[in-house]
Amino acid sequence: MEDGKKIRLRNRIIDVVIFVILLAGVSAVTLVLFYRQTMGSTAGFHSDMKAYILEMQGLDSGYHFPYPVFFRLGALIHLFAPPELSVAIATMALNSLGIVVTKLAFHHLAFERLEQGMFMWRFKGGMDSKRPDLSWLAGCLISVAAISLFFISMLFPPTGIYLPGIRFRYLGVFSPNPFHNATYMAARPFAVLAFLWFVKLLPVYEEGVRKTTGKDYILFSLFLLLATMTKPSFTLVMVSTAGLVMLYRLLRRGFRNFVPALQLGLCFVPTFVDLLYQYQGVFVPAEGEEGGVGFCFGEVWTQYCSNIVLAVGLAVGFPLLVLLLNYKECRKNTYFGFSWQLYLVSFAEAFFLYEKGFRKYDFNFSWGYMYGIFFCHFCALLVLLRKTADKCGGSHGLKSFAGRKASFYMGQAEYGEGPEEEETGGRLPGRKKIWLESVLLAIQWLAYLGHVVCGLVYFKSIFGGAMYY
């Protein structure tokens with residue numbers, strides 16, 4: 001037992017040190033980019049940073065930004081730093097906070113399972129195996145995965161755009177990491193927290209507050225409000241998706257779950273109030289123009305891309321592959337299931353809705369769509385980490401080692417997720433099946449690597465001053 005404690009302590013120390021080093025490097029690089037954007041022009045480092053700097057200082061920026069969190073943080077930093085640097089630091093800090101939140105989430109949901117799977121890998125050949133203990137790699141893998149998620153992009157040919165109907169690498173396809181939009185990056189840590197807490201409540205809220213933790217309702221409401229007060233794009237798709245899911249459950253159960261649904265619905269009230277306040281300034285029409293939200297059939301989207309089907313594949317290629325190869329397991333995974341529901345709603349809003357008037361072709365509903373892309377990748381990567389844990393030695397390795405079924409599914413009871421491996425009746429899978437599983441796992445990692453490589457190329461070009469589209 002003492003050896004086990006030493007191993008876990010060693011693994012935690014390595015995990016923290018590696019993550020801190022990686023986070024410091026990422027924070028430094030992104031700070032340079034954001035600072036260049038504050039000093040840039042429309043010809044290079046294109047962004048809305050100039051307007052954000054004026055807004056942060058309380059000056060007329062020519063735009064209306066009724067979401068103060070990002071700007072208040074910048075104003076606080078401005079007490080000690082120049083305005084350009086203050087906005088850059090605020091953007092970097094909130095973006096890095098999003099990485100920390102993602103790391104903690106992955107650690108909570110996959111670390112123990114991955115650590116134990118890698119530890120048992122050494123015993124696949126028996127108790128006298130000479131294989132080294134690789135359990136320390138679990139934390140490193142999760143750290144790299146969490147950080148890489150904030151650099152992935154849409155798939156695109158790095159040498160140029162020559163795909164049918166794809167006019168731009170970004171516009172019309174879209175990235176989960178639009179580095180040119182500071183408010184999107186700033187809102188993401190709160191969006192991740194709101195997403196996680198809602199999915200945590202989703203399997204249990206129908207049992208009522210007394211059967212769950214009241215604190216979780218408060219935290220979800222707070223995180224969603226903070227996301228809304230930083231940039232409301234995530235909130236629009238989150239509220240729509242949550243409302244549709246809860247309405248479906250109400251109808252399916254004949255309104256017998258009305259009271260717990262109402263209790264969860266009350267968590268949205270602060271956000272609704274803030275959205276009403278924001279609506280007064282965001283959808284105001286220019287003189288002589290029509291205002292409000294209009295409906296179309298992909299009219300705005302097709303201005304930037306005439307092959308939306310291919311654009312969807314380029315945006316969510318990796319999570320779509322994970323869904324196809326792990327459909328049975330993904331149906332049991334509340335996180336992955338809700339991420340796809342969120343994506344479908346975000347797609348529908350981007351495809352069918354637009355802002356009337358001069359904002360029509362700004363395609364502002366695409367920001368919610370990009371959140372849908374991000375959370376599909378977020379949850380697909382979580383699924384892949386857990387599948388990797390199984391392959392490293394998880395269930396099959398433990399069956400051969402201990403002669404009994406063991407479970408390393410962290411948070412199974414809390415999150416309502418059942419085991420994802422197949423029931424084999426105590427029999428180990430054949431070599432062909434093990435080989436096939438290894439190949440399919442490698443294909444999924446290669447698909448994710450494709451998004452990472454494209455993302456790094458995309459980041460490098462923007463870092464050098466290239467236009468984002």
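Hydrogens, waters and symmetry mates are skipped; everything else that's a heavy atom, side chains included, is used.
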Pairing donors with acceptors under 3.5 angstrom, does anything connect the side chains of [X] and [Y]?
{"X": "D48", "Y": "Q37", "result": "no"}
{"X": "Y52", "Y": "Q57", "result": "no"}
{"X": "R169", "Y": "S461", "result": "yes"}
{"X": "T228", "Y": "T235", "result": "yes"}
{"X": "T388", "Y": "W445", "result": "yes"}
{"X": "N181", "Y": "T183", "result": "yes"}
{"X": "R386", "Y": "N326", "result": "no"}
{"X": "Y343", "Y": "T241", "result": "no"}

_Checking Y448 against S148 for the side-chain hydrogen bond (donor to acceptor under 3.5 Å, both in side chains) test, could you report, in this order, the C-alpha distance in whole Å, the side-chain angles of both residues, the deciding distance, and whether it holds?_
CA-CA 10 Å; Y448 181 70; S148 68; 2.6 Å; yes
Nearest heavy-atom neighbours spanning [X] and [Y]:
{"X": "C379", "Y": "Y335", "value": "SG-O, 3.4 Å"}
{"X": "V173", "Y": "A315", "value": "O-CB, 3.7 Å"}
{"X": "V316", "Y": "H377", "value": "CA-CE1, 4.0 Å"}
{"X": "V69", "Y": "L226", "value": "CG2-O, 4.2 Å"}
{"X": "A138", "Y": "L114", "value": "O-CD2, 3.7 Å"}
{"X": "A261", "Y": "M246", "value": "O-CE, 3.3 Å"}

Would a distance-only check, ignoring hydrogens and angles, find a side-chain to backbone donor-acceptor pair under 3.5 Å from [X] to [Y]?
{"X": "T230", "Y": "A187", "result": "no"}
{"X": "N95", "Y": "M185", "result": "no"}
{"X": "H78", "Y": "A81", "result": "yes"}
{"X": "T102", "Y": "G98", "result": "yes"}

Could you tell me if the side chain of [Y] sits less than 4.5 Å from the side chain of [X], heavy atoms only?
{"X": "L76", "Y": "R72", "answer": "no"}
{"X": "N177", "Y": "Y458", "answer": "no"}
{"X": "Y277", "Y": "F272", "answer": "no"}
{"X": "Y354", "Y": "N364", "answer": "no"}
{"X": "F365", "Y": "V293", "answer": "yes"}
{"X": "I89", "Y": "F34", "answer": "no"}

*To the nearest 0.5 Å, tell me how far L137 CG sits from N11 CG.*
9.0 Å
So that I know where these two stand, are [X] and [Y] an aromatic pair - ring centroids less than 6.0 Å apart?
{"X": "F190", "Y": "F223", "result": "no"}
{"X": "F198", "Y": "F338", "result": "yes"}
{"X": "W340", "Y": "F347", "result": "no"}
{"X": "F174", "Y": "F363", "result": "yes"}
{"X": "H180", "Y": "H46", "result": "no"}

_Just to verify, which of Y184, F375, W367 counts as forming a ring-ring contact (aromatic ring centres under 6.0 Å, His included) with F234?_
F375
*Going by the ring-ring contact (aromatic ring centres under 6.0 Å, His included) test, name the single residue among F459, Y170, F45 that passes it with Y468.*
Y170
*asked:* One pair to check against salt bridge (charged side-chain N to carboxylate O under 4.0 Å, His left out): D15 and R10. What are the steps and the verdict?
replied: CA-CA 9 Å; D15 179 22; R10 178 205 66 186; over 6 Å; no
Could you label the plane-to-plane angle of the [X] and [Y] rings as parallel, tilted or perpendicular, counting under 30° as parallel and over 60° as perpendicular?
{"X": "F297", "Y": "F351", "result": "perpendicular"}
{"X": "F268", "Y": "F220", "result": "perpendicular"}
{"X": "F378", "Y": "F106", "result": "tilted"}
{"X": "F71", "Y": "F65", "result": "tilted"}

*Assess K231 against F70: is NZ or CZ under 6.0 Å from the centre of the six-membered ring, and within 45 degrees of the ring's axis?*
no
*Count the heavy atoms belonging to other residues, nucleotides or ligands that lie under 6.0 Å from CZ of R12, then report whether that count exceeds 12.*
yes
*Under 6.0 Å from the OH atom of Y248, do we count more than 12 heavy atoms belonging to anything else shown?*
no
_One thing to verify: whether K360 and E355 come together as a salt bridge, which I'm taking to mean a side-chain N less than 4.0 angstrom from a carboxylate O._
no
*Residues Y304, R167; criterion side chain to side chain contact (heavy atoms under 4.5 Å, CB included); working and verdict*: CA-CA 7 Å; Y304 305 101; R167 302 170 189 167; 5.7 Å; no
*asked:* Assess the residue pair C267 and L224 against the criterion (side chain to side chain contact (heavy atoms under 4.5 Å, CB included)); give the C-alpha distance rounded to whole Å, side-chain angles, the decisive distance to 0.1 Å, and a yes or no.
replied: CA-CA 9 Å; C267 296; L224 185 62; over 6 Å; no
